[in-house]
Amino acid sequence: MTPAPVIIAIDGRSGAGKTTLAVELAARLRMHHKVSLFHLEDIYPGWNGLAAGIERYVTTVLAPLRHGDAAEWVSWDWEKHYDGRSHVTLPAEIVIVEGVGAAASAARPMLDAVVWVDAPDDQRRHRAMARDGSSYEPFWDSWAAQEDEWLEADDVLDHTDVKVLNRADGNAPDDALQALNYLPSLSPVLVPELSARRGLQLKAERIDATPDAAALFKTLYAQSANAVWLDSSNTSSNTGTVGDAGSLNAAAERSRFSILADDGGSFGQAVTHSSGATRLSAGCATVETTGPFFRWLDTVWGRKALRAPEGYDCEFTLGWLGYLGYELKRETGGSDVQAGTPDAALLFAGRAVVIDHRDAAVWLLAIDAPDAGDWLGLAREAVLSAVPAPQEASAPQSRAVVLEFSSRDTEDEYKSKITDAQHQIAEGNTYEVCLTTTVTASDPGLDPWESYLALRKRNPAPFASYLRFGDLTVASTSPERFLRITSDGGMRAEPIKGTRGRANDPVIDEALRRGLESSLKDRAENIMIVDLLRNDLSHFAVPGSVTVSRLCAVESYATVHQMVSTIDARLRPGAPRAEAVAAAFPAGSMTGAPKISTMDILDGLESGPRGVYSGAIGYFSLNAATDLAVVIRTLVMSADGDGGRTLSLGVGGAITADSTPQDEYEEIRTKAFGVLSALGAEFPTA
């Protein structure tokens, strides 16, 4: 008897392409493993024998293989319509069983992974007839009826690990293998396949050019279902001043690079996480696993798999891009709250365009693959064709329908919650409460892309971004960095606390800036969050490396003045980087202090989940670097379940013992102005 094998079942309706997938998948796995392959069509006792065939397969084939024994079974003679010869299937390191019913309920306890293959009905019939000729045609309907009867009684689809939509384009085997790599049950045996993910080679090309980033993104990714643009939209001169030289240097550093990517190509993937379930798509294959998201992130990020090319200064060397939603706090000490949008959405970019605004250069990056050369040529042409557009004055997006937002909390309700928060402070339960609310509107038919262009023009910001994940769009004009970890372990957080609106009159505007700079209340709010973040970073930092390089500096953007501090640290060598991110998540500037107890207070005060708002947007690079912004000043456009879309904008502010309810309410109106004004909308009055 040999050790028990890993058994993978490939199931699905007739004509979906299971046999071809199984044969091709076995061929790929045989590069590193001994593989046995069994086809259920060899054991079905005739055209009416689906149920009996499943029973034979489970008892005579699967059961002995599960125990590491050879399986002795009798094939069916399709010409004589009777039992045929005896056969033996030997156990191996990996056994693939393929056919309708391979993952039936009686079989599942003996399986390590279930792959379900699907295809449109008309394509399935055509493929089956092409494969088996006229012999199958008279029995297609009766066999399909048996499949229907089986599926009505067996919830196999609810127990599927990987689903493959087989388009018969040759991609299914590679996509399925890529998805199987993410199953914890297979990771011990697929070590060679997992190691191959770390032996990647980077192709890079520099182009001296200053393309229009919006035009370039539209050319390359307008048709992509999933795409991300991390857009340093305040690189032009219309961003206003940023105070002292230190602030100027910091703003320049944050605004130097823009990253454009989708999940296309050989390595493209997309992942969403909701309430403990992670669903990953790799081409035509999808795989779902359960467990904490940050634990999953640790398995795919944090190790140095790619080095930056010579002369390339950006920390992003391909990898994961997208957002982490606020409700991931359930994994970092907060309570479990259900959100209407995914708790996280990321895409894996195996190729991307990086714009270096300082050096007037564009870098094309691609993991070496058969399709890399064609993409580099296409991207090169797009860069050279994306001529900067003439500068135009900012204007709200034009619409035929008036856009009216409503607030989750009326003015009186929000002020009452401020009073309740101050009661918690007086009781000693917290020092600072970052109270938020949400304004929403039914989408009258806005174009998400045009909406974002209006936002970035009206309110440019160093961490602006445009994210598209299917029918979910995130359009952000965030000025705030949550956390950066460089490839060599440098850590930086830059919390914002303290906001004033801008004025057209330079004298009044300067008075507003100086008022913020000298405000004892705003400085106290900012310093509380600085202390919180010093603690967050210290969990995985080299002892003694946590420093505050800027405290309460004022930076000015198109619509607001902001008070910003900078906390730096050095990541402890060997520390798990995903856990270091989790230790600081969510951003302390969006919770208050102390963080965990204040999050519980907020759950009681706020009337719903925050969703994407208050989370983080950015990248997790293949050189182990990350750079994440706080999700503020962000419009989220999501499906409403009735065929339409909802627009939502989260706003909030820090409440302390010295807060004045009216001033705090005016502050959230100020923060909402940059987004709402770009849409031609106003803050709701009730």
Side-chain angles (χ1 to χ4, degrees), residues 2-12 14-43 57 61-62 65 70-71 73 75 87-100 102-103 111-119 123-124 127-128 130-132 160-183 185-200 265-269 280 282-287 350 367-372:
T2 61
V6 167
I7 304 179
I8 302 170
I10 299 181
D11 208 333
S14 291
K18 301 181 299 300
T19 302
T20 301
L21 174 60
V23 170
E24 293 292 335
L25 184 60
R28 285 158 174 76
L29 290 171
R30 284 186 178 121
M31 295 176 63
H32 302 289
H33 312 278
K34 184 178 179 182
V35 180
S36 285
L37 178 59
F38 176 78
H39 303 284
L40 267 70
E41 67 177 17
D42 294 333
I43 205 171
Y57 145 71
V61 178
L62 195 56
L65 289 174
W73 52 278
S75 65
H87 299 267
V88 175
T89 296
L90 297 175
E93 185 184 7
I94 298 174
V95 173
I96 297 176
V97 290
E98 170 272 319
V100 181
L111 302 174
D112 295 286
V114 173
V115 178
W116 181 268
V117 187
D118 206 351
Q123 292 183 24
R124 289 195 300 105
R127 291 176 192 169
R131 182 191 66 198
D132 294 330
T160 296
D161 298 301
V162 175
K163 295 180 180 178
V164 177
L165 179 59
N166 192 353
R167 302 184 180 92
D169 56 4
N171 293 323
D174 288 330
D175 293 343
L177 180 56
Q178 191 164 219
L180 288 168
N181 284 332
Y182 289 99
L183 292 179
S185 60
L186 299 190
S187 58
V189 73
L190 296 183
V191 170
E193 286 76 15
L194 291 167
S195 297
R197 296 197 325 210
R198 304 187 189 105
L200 305 174
S266 298
F267 291 90
Q269 301 164 57
L280 181 138
C284 66
T286 60
V287 56
I367 296 174
D368 196 4
D371 57 357

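Interatomic distance, CG of N171 versus CG of L165, reported as 11.5 Å (0.5 Å rounding). Here the straight-line distance linking atom NE2 of H33 with atom CG of L190 works out to 5.5 Å at 0.5 Å rounding. Note that CD1 of I7 is 12.0 Å distant from CZ of F38, once rounded to the nearest 0.5 Å. Atom CG of L25 and atom OG1 of T20 lie 12.0 Å apart (nearest 0.5 Å).
In this structure T19 satisfies the side-chain hydrogen bond (donor to acceptor under 3.5 Å, both in side chains) test together with E98, sequence neighbours excluded. For S266, the side-chain hydrogen bond (donor to acceptor under 3.5 Å, both in side chains) partners two or more places apart in sequence, or in a different chain, are D371.
Residues L90 and A70 come closest through the heavy atom pair CD2-CB, 4.0 Å. Residues A179 and V162 approach most closely at CB-CG1, 3.9 Å, considering heavy atoms. Across all non-hydrogen atoms, the minimal contact from A176 to L21 is CB-CD1, 4.1 Å. Taking each heavy atom of R124 and S14 in turn, the nearest pair found is NH1-O, 2.7 Å. Residues A26 and V35 approach most closely at CB-CG1, 4.0 Å, considering heavy atoms. In this structure, L111 and A102 approach most closely via the heavy-atom pair CD1-O, 3.7 Å.
Inter-residue side-chain proximity for H39 and V23 is flagged as met; some heavy-atom pair is nearer than 4.5 Å. The shortest distance between side-chain heavy atoms of P5 and K34 does not fall below 4.5 Å. Using a 4.5 Å heavy-atom threshold, the side chains of D11 and T160 count as separate. L29 has its side chain within reach of I96: a pair of non-hydrogen atoms, C-beta onward, lies under 4.5 Å apart. Residues D175 and V164 have side chains not in contact (no heavy-atom distance under 4.5 Å, counting atoms from C-beta outward). When side chains are defined from C-beta on, F267 counts as touching L200, because their heavy atoms get closer than 4.5 Å. Residues K18 and V100 are in side-chain contact: their nearest non-hydrogen atoms beyond the backbone lie under 4.5 Å apart. Between V287 and L180 there is no side-chain heavy-atom pair separated by less than 4.5 Å.
Panel note: side chain N166, backbone A119; no donor-acceptor pair is recorded below 3.5 Å. Using a distance-only test at 3.5 Å, with no hydrogens or angles considered, no donor-acceptor pair links the side chain of T89 to the main chain of A71. A donor-acceptor pair is defined here as one N or O able to donate and one able to accept, closer than 3.5 Å; no such pair exists between the side chain of Y57 and the backbone of L62.
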Report the C-alpha distance between R28 and D174 in whole Å, list the side-chain angles of each, state the deciding distance to 0.1 Å, and finish with yes or no for side-chain contact (heavy atoms from CB on, under 4.5 Å).
CA-CA 8 Å; R28 285 158 174 76; D174 288 330; 2.6 Å; yes

Kindly indicate, with the supporting measurements, whether the criterion side-chain contact (heavy atoms from CB on, under 4.5 Å) is fulfilled by L186 and I8.
CA-CA 9 Å; L186 299 190; I8 302 170; 4.2 Å; yes

How far apart are the C-alpha atoms of D118 and K163, what are their side-chain angles, what is the distance that settles it, and do they pass the side-chain contact (heavy atoms from CB on, under 4.5 Å) test?
CA-CA 8 Å; D118 206 351; K163 295 180 180 178; over 6 Å; no

Please assess R30 against L37 for the test side-chain contact (heavy atoms from CB on, under 4.5 Å), listing each intermediate value before the final yes or no.
CA-CA 11 Å; R30 284 186 178 121; L37 178 59; 4.3 Å; yes

